[in-house]
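These notes concern the structure reproduced below.
Values in this document were obtained by computation on a predicted structure and should not be read as measured data. All heavy atoms count here, side chains included; hydrogens, waters and symmetry mates do not. Naming: A, B, ... by sequence-line order, numbering from 1 per chain.
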Number of protein chains: 2
Amino acid sequence: MIHVLIADDHSIVRLGIKQIICSLPGNMHVTEAKTFDETISFMEAQHFDLLILDINMPGGNNLQMIQAVKLRQPQIRILICSAYEEIMYALGYLQTGADGYIEKNSPDDDFKTAINTVLAGERYISRAVREQLISKYTRQQDHRPNPFSVLSGREVEVMNLLTKGLPLIKIAEILHLQLTTVSTYKARIFEKTGVKNVIALVEKAQMYQVASHSGEAVVKV
Amino acid sequence: MIHVLIADDHSIVRLGIKQIICSLPGNMHVTEAKTFDETISFMEAQHFDLLILDINMPGGNNLQMIQAVKLRQPQIRILICSAYEEIMYALGYLQTGADGYIEKNSPDDDFKTAINTVLAGERYISRAVREQLISKYTRQQDHRPNPFSVLSGREVEVMNLLTKGLPLIKIAEILHLQLTTVSTYKARIFEKTGVKNVIALVEKAQMYQVASHSGEAVVKV
DNA sequence: AAAATATGTAGTATAACTACTACGTCTATA
DNA sequence: TATAGACGTAGTAGTTATACTACATATTTT
């Protein structure tokens with residue numbers, strides 16, 4: 001017997017989800033909560049295997065909800081179900097301990113997959129979110145010449161140290177150069193890569209995955 | 001009629017993949033290539049909708065293969081099929097232009113899903129890789145107290161600006177504070193979060209996804 | 001080969017930043 | 001109800017970084 005708790009303030013939504021759950025194989029037992037407080041009450045009274053949680057419910061819609069839930073039943077699986085489609089939300093929740101994130105407007109089959117996936121102990125993210133996740137790694141593969149390829153050897157060395165957060169003087173020491181020389185390299189790196197500060201440089205370097213599988217010489221510190 | 005090109009040096013693998021493809025609905029036409037050169041030859045002679053590419057083939061197994069392929073048939077879908085399970089491979093290839101990445105030891109159903117997904121114009125990554133992708137964002141959710149939660153309001157404001165790469169003076173201006181005050185905050189932030197430079201701070205903040213949906217006041221620049 | 005760049009290097013003057021210290025509110029806490 | 005921290009704020013003195021500028025040696029390009 002699998003116990004599922006649906007927490008959503010819209011009864012139609014609860015009905016829909018219940019429908020989907022009951023269509024799944026296995027002996028499903030569904031409980032419904034209308035607010036977050038109610039959710040917590042149920043959880044203190046009974047054990048559940050899965051919580052399907054609307055993050056847009058009265059009584060709080062933030063990350064702490066997850067923690068509150070896990071505090072009571074650490075082994076419970078949580079599937080966030082929300083009207084927001086922003087990827088940031090999904091990631092934040094997954095990070096805090098949710099096991100899945102599905103948008104309300106997803107097709108039934110996706111719901112089934114999501115529920116099964118989460119119950120199986122894996123994490124679920126929707127196609128769309130997954131796409132975005134990948135794009136985060138993929139963005140700007142628009143075959144423009146990699147701005148890092150125009151850096152000279154010395155510049156690359158300095159960049160690698162810069163992106164580790166080392167201060168210029170340390171870099172100067174390591175490379176046996178004058179501070180001012182390092183400073184010049186830095187300026188040139190910034191110019192060539194079109195960034196204005198180290199943080200942007202780090203991001204850009206990350207983006208182009210510099211020196212990960214290229215044969216670039218990387219100076220160890 | 002959907003034209004699929006399978007590029008793999010092991011004929012058994014090709015056979016297996018062919019089997020799977022033919023089991024799919026739709027009129028599938030399969031061509032087989034044993035080496036990368038052969039793959040390219042085929043591509044220059046005929047149009048394909050999908051390329052299932054073993055990255056472990058004689059004739060090259062690097063990212064340039066993707067580019068070589070896309071150069072000839074920009075609209076072709078590429079599903080990487082490999083024995084390697086390392087996530088870095090998958091991401092690297094997806095980044096270079098592949099549409100999917102599946103491990104050879106995946107169950108048939110996953111292959112079907114992968115092929116369908118890629119043909120539908122979406123990207124596919126396997127469960128395992130997806131898990132790892134998520135973990136990358138999720139790692140260390142080991143419920144240690146979030147170091148950013150101990151930051152005071154003012155500190156959070158400064159941190160948000162710091163992680164944008166703004167110089168202290170700018171931050172001072174924005175918040176109408178003395179430079180030295182901002183500097184003090186910065187020092188406190190570093191202390192509380194246990195970092196030694198802004199770059200580490202950015203990484204840590206990213207890791208904990210600070211201030212993404214909290215009601216924190218974020219100052220626009 | 002000559003001219004134009006790119007690269008490795010550094011100085012000077014100036015601007016930005018840090019360390020340390022200080023101090024008045026607030027807020028838990030003994 | 002003291003009292004110890006936490007918070008917001010800032011100054012001084014000393015460090016570190018930047019903007020320009022410069023110049024010799026490669027590399028290219030014409």
Side-chain angles (χ1 to χ4, degrees), chain A residues 145-205 210-211 214-219 221, chain B residues 145-205 210-211 214-219 221:
Chain A
N146 182 324
F148 293 95
S149 63
V150 302
L151 295 184
S152 74
R154 226 47 176 146
E155 284 162 1
V156 171
E157 293 181 68
V158 170
M159 193 196 67
N160 284 136
L161 298 172
L162 272 177
T163 54
K164 285 184 180 160
L166 296 183
L168 296 201
I169 351 152
K170 272 268 148 47
I171 298 178
E173 271 173 36
I174 293 169
L175 301 178
H176 304 293
L177 290 172
Q178 280 318 108
L179 162 71
T180 56
T181 307
V182 177
S183 176
T184 303
Y185 286 139
K186 186 180 178 182
R188 287 182 185 165
I189 292 166
F190 278 20
E191 204 197 337
K192 286 185 179 177
T193 57
V195 305
K196 289 224 157 40
N197 56 258
V198 227
I199 292 175
L201 183 68
V202 171
E203 272 168 17
K204 206 152 196 169
V210 173
S214 66
E216 242 40 270
V218 178
V219 178
V221 193
Chain B
N146 182 325
F148 293 96
S149 64
V150 301
L151 295 185
S152 74
R154 225 50 176 145
E155 284 161 359
V156 171
E157 293 182 68
V158 170
M159 193 197 65
N160 284 136
L161 298 173
L162 272 178
T163 54
K164 284 183 181 160
L166 296 184
L168 298 202
I169 352 154
K170 270 271 148 47
I171 298 178
E173 271 174 35
I174 293 168
L175 301 178
H176 303 292
L177 290 173
Q178 279 320 108
L179 162 72
T180 56
T181 307
V182 177
S183 176
T184 303
Y185 287 139
K186 185 180 179 184
R188 286 184 187 165
I189 292 167
F190 278 20
E191 205 196 336
K192 286 185 180 178
T193 56
V195 304
K196 292 223 153 43
N197 56 260
V198 228
I199 292 175
L201 183 69
V202 171
E203 272 168 16
K204 206 153 194 166
V210 172
S214 65
E216 240 43 270
V218 177
V219 179
V221 193

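Between B/Arg154 and D/dT9, a side-chain N or O to OP1/OP2 separation shorter than 4.0 Å is present.
One cannot find a donor-acceptor pair under 3.5 Å joining the base of C/dA10 and the side-chain atoms of A/Ser183.
C/dC17 atom C1' lies 14 Å from atom CD1 of B/Ile189, rounded to whole Å. In this structure, B/Gln178 atom CD and D/dT9 atom C1' are separated by 9 Å, rounded to whole Å. Distance A/Tyr185 OH to D/dT18 C1': 17 Å, rounded to the nearest Å. What separates CD1 of B/Ile169 from P of D/dA19 is a distance of 11 Å, to the nearest Å. Rounded to an integer number of Å, the gap from A/Lys170 NZ to C/dC17 C1' is 16 Å. If you measure from atom CG of A/Leu179 to atom C1' of D/dA19, you get 13 Å, rounded to the nearest angstrom. Rounded to an integer number of Å, the gap from CG of A/Leu151 to C1' of C/dT7 is 12 Å. Residue A/Leu168 contributes atom CG, which lies 15 Å from atom C1' of C/dT9 at whole-angstrom precision.
Using a 4.5 Å cut-off on side-chain heavy atoms (C-beta onward), A/Leu168 and A/Leu162 make contact. Side-chain contact check for A/Ile171 versus A/Tyr185: every heavy-atom pair is 4.5 Å or farther apart.
When all heavy atoms are compared, the tightest approach of B/Glu155 to B/Leu151 is OE1-CA, 3.4 Å.
Here A/Ser152 lies in heavy-atom contact (under 4.0 Å) with sugar-phosphate atoms only. Residue B/Thr181 is in base contact, counting any heavy-atom pair closer than 4.0 Å across all strands shown.
Taking every side-chain heavy atom of B/Lys186 into account, C/dT18 is the closest of D/dT9, C/dT18, C/dT9. Comparing C/dT9, C/dA16, D/dG8 by their closest approach to the side chain of B/Pro167 singles out C/dA16. The side chain of A/Arg188 has C/dT9 as its nearest neighbour among C/dC17, C/dT9, D/dA10.
Judged by distance alone, the side chain of B/Lys204 and the main-chain N or O of B/Val195 form no donor-acceptor pair under 3.5 Å.
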For this session: Please test B/Arg154 against B/Glu157 for salt bridge (charged side-chain N to carboxylate O under 4.0 Å, His left out), starting from the C-alpha separation and ending with a verdict.
Result: CA-CA 5 Å; B/Arg154 225 50 176 145; B/Glu157 293 182 68; 3.2 Å; yes
